[in-house]
Amino acid sequence: MPELPEVETVRRGLEPVLAGVRLACVRANRPDLRFPLPDGFVQRLTGARILRLDRRAKYLLAPLDRGDTLVMHLGMTGRFEIAAPEGSARPGDFARQVTPDDKHAHVVFETEAINGEDGATVTYYDPRRFGFMDLVATDRLDRHPWFATMGPEPLGEAFDARTLVKAFAGRKQGPKTLLLDQKTVAGLGNIYVCEALHRAHISPFKPAGLIAGKRLGPLAAAIKAVLAEAVEVGGSSLKDFAAADGALGYFQHRFRVYDREGQPCPTPGCKGAIAREVQAGRSTFFCPVCQL
Ligand SMILES: [Zn+2]
């Protein structure tokens with residue numbers, strides 16, 4: 001499943017093609033993805049100009065000049081392919097790269113021609129259809145159920161040690177559970193929570209209320225660092241899109257603990273080995289020696 005850095009990579013790949021551009025033609029090849037497409041989906045998009053391409057947590061947001069925002073979520077297997085005059089690109093085409101099958105091409109956006117240059121075709125593929133798209137009035141977006149209770153963006157200024165002090169105070173649950181709660185911080189998934197807790201040397205299972213306040217600044221910084229580094233890796237592989245199989249991957253080689261059970265802990269001087277525990281169907285990777 002794409003996590004926040006992968007979605008941000010997709011956003012950066014699509015932005016030059018879609019931001020500020022009018023949609024000349026939109027096709028929906030089926031009435032639904034995970035949910036039904038909204039009423040008048042094609043008509044409301046055709047001829048509209050996309051003002052910007054934003055991201056909130058793992059949602060891509062394309063505010064339109066008509067007052068709606070196109071909200072897109074990639075689910076498990078959603079991805080975009082761009083066919084543009086300069087060549088083809090698949091922003092956020094993850095490690096298991098497969099040639100897109102036309103039967104999974106569910107939504108097609110064609111942009112207007114500019115100065116005699118052909119427009120681009122952006123196709124949304126989603127074999128498992130856990131992704132979804134909706135049109136929401138831009139001035140009501142913050143109150144939409146998806147966003148109303150969502151915490152701050154982890155890469156934004158509103159997220160810092162104070163966010164964690166407030167969220168952890170008096171709580172018996174571990175920091176991992178609280179960080180995965182979208183009300184604490186938006187868009188953090190299992191992989192990057194495991195990575196950040198390891199960097200901050202904090203046990204995923206320690207009751208969050210018992211973690212000393214002075215450790216929460218470094219934890220907030222570790223969360224920002226693991227995400228920013230992954231976005232950077234995604235961004236650098238974005239440049240290689242012209243290379244036919246420049247897969248973006250899940251940046252696995254960068255992980256210190258995720259999916260590394262039994263391997264030596266990468267903390268300098270630590271003799272521990274990475275352990276894995278399964279809770280509620282999710283694996284937690286951590287070092288039992290240096291994460292306390
Ligand atoms: Zn260790």
Side-chain angles (χ1 to χ4, degrees), residues 1-9 58 94-95 151-155 159-182 184-237 248-292:
M1 182 184 297
E3 291 217 27
L4 187 150
E6 289 85 7
V7 178
E8 176 60 20
T9 299
K58 298 203 289 182
F94 305 120
E153 282 292 313
L155 288 169
F159 174 74
D160 60 16
R162 282 166 297 181
T163 317
L164 298 179
V165 169
K166 219 171 119 193
F168 288 8
R171 302 297 293 270
K172 290 198 183 72
Q173 287 140 305
K176 188 183 177 217
T177 307
L178 296 174
L179 290 171
L180 287 173
D181 182 345
Q182 303 299 297
T184 307
V185 53
L188 271 192
N190 192 36
I191 295 175
Y192 294 100
V193 169
C194 290
E195 292 295 303
L197 287 169
H198 179 262
R199 284 198 197 196
H201 307 299
I202 293 174
S203 163
F205 311 110
K206 186 184 178 90
L210 299 181
I211 301 169
K214 66 174 195 291
R215 304 183 71 191
L216 300 182
L219 176 57
I223 290 167
K224 287 177 190 280
V226 294
L227 294 173
E229 284 168 27
V231 169
E232 206 171 295
V233 174
S236 57
S237 39
L248 277 178
Y250 253 110
F251 323 135
Q252 248 114 352
H253 59 288
R254 289 271 179 133
F255 294 149
R256 295 187 190 180
V257 293
Y258 187 78
D259 210 16
R260 294 175 62 91
E261 185 181 12
Q263 298 190 37
C265 173
T267 298
C270 179
K271 301 267 194 296
I274 303 306
R276 181 172 78 107
E277 275 193 33
V278 180
Q279 283 183 311
R282 273 207 245 231
S283 291
T284 298
F285 295 91
F286 65 106
C287 173
V289 176
C290 68
Q291 287 181 250
L292 303 168

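Being a predicted model, the structure only gives us computed values, none of them experimental. Numbering of ligands and ligand atoms starts at 1, following listing order.
Arg256 places none of its side-chain heavy atoms less than 4.5 Å from the side chain of Cys287. With contacts defined as side-chain heavy-atom distances shorter than 4.5 Å, the pair Leu164/Leu179 qualifies.
Each protein N, O or S atom less than 2.8 Å from the Zn ion (ligand 1) was counted, giving 4.
Ring pair Phe285/Phe255: centre-to-centre distance not below 6.0 Å.
Applying side-chain hydrogen bond (donor to acceptor under 3.5 Å, both in side chains) to Thr284 and the options Arg276, Lys176, Glu277 leaves one that passes, Lys176.
Rounded to the nearest 0.5 Å, atoms CD (Glu232) and CD (Glu8) are 12.5 Å apart.
Residues passing the side-chain contact (heavy atoms from CB on, under 4.5 Å) test with Val165, sequence neighbours excluded: Leu216.
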